[in-house]
Chemist: 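The structure that follows is given in the form of structure tokens.
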Amino acid sequence: VLFRSNMSNVNLQPLCFYYARCGYSRHLQTVCREGIKKRGKDPVLVFWLAFGLASEGANTEAIRELDSVASRRPCIVAGPLALVWAHKRCRLVDHEAVRKAEEMLTSQESGADEESLLLAATFLFLIGKNEKAVKTNDKVLEMNPGNPASSALRGWLELSSIRESLVNKSVKTFDDVLEKTQKKDLYALMGKAAFHFRMKQYKDAHDVYTHLMVIYPWFIPALGEIAKSQVALGDWDQAMDTCQRSLSHNPSDITCMLLLCIHTLALQGKGSLGAQKVGDLVAIIESSEPMNAQLHYSVAAALARLAGRHPGVLNVVAGLIERAMSMEPENSQTITECAYINFLLEDYQNADALYKQAVNLDSGNNVALLGSIRTLIVMGNLSEAASQLEFLSAIQMATGSTSEVEFLSALLAWKKDRDPLVHVEHLSQALDLHLKVIPTSFDGSLPGIIEANPEYMLTLVRELSEHW
């Protein structure tokens, strides 16, 4: 489905770039494998296939693919760089192989052409080595100041900078590329849309992706991006139409299926139907991104906070977070989320054990510490909970109180001391502090849902309503 008949002669690198930047490693592999099957072993597609494999943890297979192209143009710089990267991701690092790859890089880099340096700069950008990516990309622009792909990559590097001045500059960089390419450069179009989305200029982002879709109808992710911009604009009806249109062509569209789930749970409040749709989404994820632990975590965390404690939805996302735990068994954040979902399912014993496991892995995980204290309160261990909260509050005194600390203080004031005034005072502070940190508008993103945490806000309101 990711490779259509009208894609036989198109440049697949922008699509590879899109999936790599989104962290959709299996999508990236699928596109590359289909391209290789139809076009033969194009070194660039083999390189991106290897990138996708390594991103999923299949480092041995990735290294084998990289070895086959590391001395072939245009992979003569990116190939050795990726070999070093892939080897260092292995559980047991082959230091001799790393040394040989570094020697290969030194010998091949001096004679590299524009295309080889650009591929290397793109790779460095995607693995977060922005400083090295800038230096490598600048070499391309020194050879050819008008190289549109290199100029667009400069825009992406500016957009991802921590310096706001560079971020603001990026849109002009993208516009300059588009002016020289009759508004057709795909990298620049994606970058301009990303800039507008970051700046909350959702109508502009929508217009860019609509334009992109007209020029490049084969670019499958465009409909999902259009739907996200429609959600951010508050036009849910249009967004749902766009999602249905995309799913009719690509039933495995994770973005659009996710937006359907959010709509069903948050806007329609249909728990049973939501559980069915979330189940469909999980099936898509397990089929198209089975080794993507971060995606499993993010989707589970977001939908758990929209579930309204519906057991059908929570049981489905519990399976998703357990799958993420199996992929990363020592990830304290993932275990904390599993504990939270168990808490919402009222399995307090298991939640408590998981919170403790998360804290043992990372003693600085305050989310797990607070979750453990909340579980103690619900189980009636009020004295122990009060002692732990007092200790944690003393540690956090320098940075000030948080919404969660105020909420737990409120619970103890009511359940332990039966003091309604202190209960309400702490709840009010908890609500005020939470509203200060949550997004002011919903852009359809998973981090936005997780940060806003509608489930937590409903809990605060329920507690306050006891005294109305």
Chemist: How far does CD of Q268 sit from OG1 of T264, to the nearest 0.5 angstrom?
Modeler: 5.0 Å
Chemist: Return each pair, listed once, that meets ring-ring contact (aromatic ring centres under 6.0 Å, His included) where at least one residue sits in residues 325-350; pairs must be two or more places apart or across chains.
Modeler: F343-Y348
Chemist: Let me check something: any side-chain donor-acceptor pairs from residues 313-325 under 3.5 Å, sequence neighbours excluded? List them with distances.
Modeler:
| unit_1 | atom_1 | unit_2 | atom_2 | d |
| --- | --- | --- | --- | --- |
| N315 | ND2 | P311 | O | 2.9 |
| R323 | NE | E286 | OE1 | 3.4 |
| R323 | NH2 | P290 | O | 3.0 |

Chemist: I'd like to check the salt bridge (Lys or Arg N to Asp or Glu O under 4.0 Å) partners of E56; sequence neighbours left out, ordered by chain and number.
Modeler: R26
Chemist: Check salt bridge (Lys or Arg N to Asp or Glu O under 4.0 Å) between R462 and all other residues, then give those that pass, not counting sequence neighbours.
Modeler: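 Partners of R462 under the salt bridge (Lys or Arg N to Asp or Glu O under 4.0 Å) test: E455.
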Chemist: Heavy-atom count around E390 CD within 6.0 Å, excluding the residue itself: above 12?
Modeler: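 Open: at most 12 neighbouring heavy atoms sit under 6.0 Å from CD of E390.
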Chemist: Report, as yes or no, whether the 6.0 Å neighbourhood of atom CD on E330 holds more than 12 heavy atoms from other residues, nucleotides or ligands.
Modeler: no
Chemist: Within a reach of under 6.0 Å around CZ of R418, are more than 12 heavy atoms found that belong to other residues, nucleotides or ligands?
Modeler: yes
Chemist: Once salt bridge (Lys or Arg N to Asp or Glu O under 4.0 Å) is applied, do any residues pair with D362, and if so which ones, sequence neighbours excluded?
Modeler: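 Salt bridge (Lys or Arg N to Asp or Glu O under 4.0 Å) list for D362, sorted by chain: empty.
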Chemist: Would you check if the distance from the ring center of F51 to the ring center of W85 is below 6.0 Å?
Modeler: yes
Chemist: Using the test side-chain contact (heavy atoms from CB on, under 4.5 Å), find all partners of L431 that sit at least two apart in sequence or belong to another chain.
Modeler: L435, L460, L464
Chemist: Would you name the heavy atoms of I450 and S298 that are closest together and state the gap between them?
Modeler: CD1-O, 3.9 Å
Chemist: With distance as the sole criterion, is a donor-acceptor pair present between the side chains of S401 and Q429 under 3.5 Å?
Modeler: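 The criterion, which ignores hydrogens and geometry beyond distance, is not satisfied for Q429 and S401.
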Chemist: For the residue pair H263 and W236, does the interplanar ring angle fall in the parallel (under 30°), tilted (30 to 60°) or perpendicular (over 60°) class?
Modeler: tilted
Chemist: Apply the side chain to side chain donor-acceptor pair (under 3.5 Å) test between H423 and each candidate in E466, E463, K415; give the one that qualifies.
Modeler: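 Option passing the side chain to side chain donor-acceptor pair (under 3.5 Å) with H423: E463.
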Chemist: What heavy-atom pair brings R154 and N137 nearest, and what distance separates the two atoms?
Modeler: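 Shortest heavy-atom contact: N-ND2, 3.6 Å.
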Chemist: Is there side-chain contact between Q13 and Y187, with heavy atoms separated by less than 4.5 Å?
Modeler: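 Of all side-chain heavy-atom pairs linking Y187 with Q13, at least one is under 4.5 Å.
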Chemist: Using the side-chain contact (heavy atoms from CB on, under 4.5 Å) definition, which of the options R374, Q357, M379 pairs with D352?
Modeler: M379
Chemist: Enumerate the ring-ring contact (aromatic ring centres under 6.0 Å, His included) contacts for residues 363-411, please, sequence neighbours excluded, ordered by first and then second residue.
Modeler: F407-Y456
Chemist: Can you sort out the partners of F195 under ring-ring contact (aromatic ring centres under 6.0 Å, His included), two or more places apart, ordered by chain and number?
Modeler: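 F195 satisfies ring-ring contact (aromatic ring centres under 6.0 Å, His included) with no residue once adjacent residues are dropped.
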Chemist: With a cut-off of 6.0 Å (strictly less than), are more than 12 heavy atoms of other residues, nucleotides or ligands near CD of E131?
Modeler: no
Chemist: Please list, chain by chain and in numerical order, all residues satisfying side-chain hydrogen bond (donor to acceptor under 3.5 Å, both in side chains) with S160, sequence neighbours excluded.
Modeler: N130
Chemist: What residues, two or more places apart in sequence or in another chain, satisfy side-chain hydrogen bond (donor to acceptor under 3.5 Å, both in side chains) together with N360?
Modeler: none
Chemist: Between F47 and A82, what is the shortest heavy-atom contact and its length?
Modeler: CE1-CB, 3.6 Å
Chemist: Could you pull out all residues at least two apart from V367 that satisfy side-chain contact (heavy atoms from CB on, under 4.5 Å)?
Modeler: T336, N365
Chemist: In chain order, what residues pass the salt bridge (Lys or Arg N to Asp or Glu O under 4.0 Å) check against K129, with sequence neighbours excluded?
Modeler: none
Chemist: Looking at E337 and R305, is any side-chain nitrogen of the basic one under 4.0 Å from a carboxylate oxygen of the acidic one?
Modeler: yes
Chemist: Specify the closest pair of heavy atoms between R245 and H249, including all atoms of both residues, with the distance to one decimal.
Modeler: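 Nearest pair, atom of R245 first, then H249: O-CD2, 3.2 Å.
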Chemist: Please report the shortest heavy-atom distance between I377 and L382, naming the atom on each side.
Modeler: O-CD2, 3.7 Å
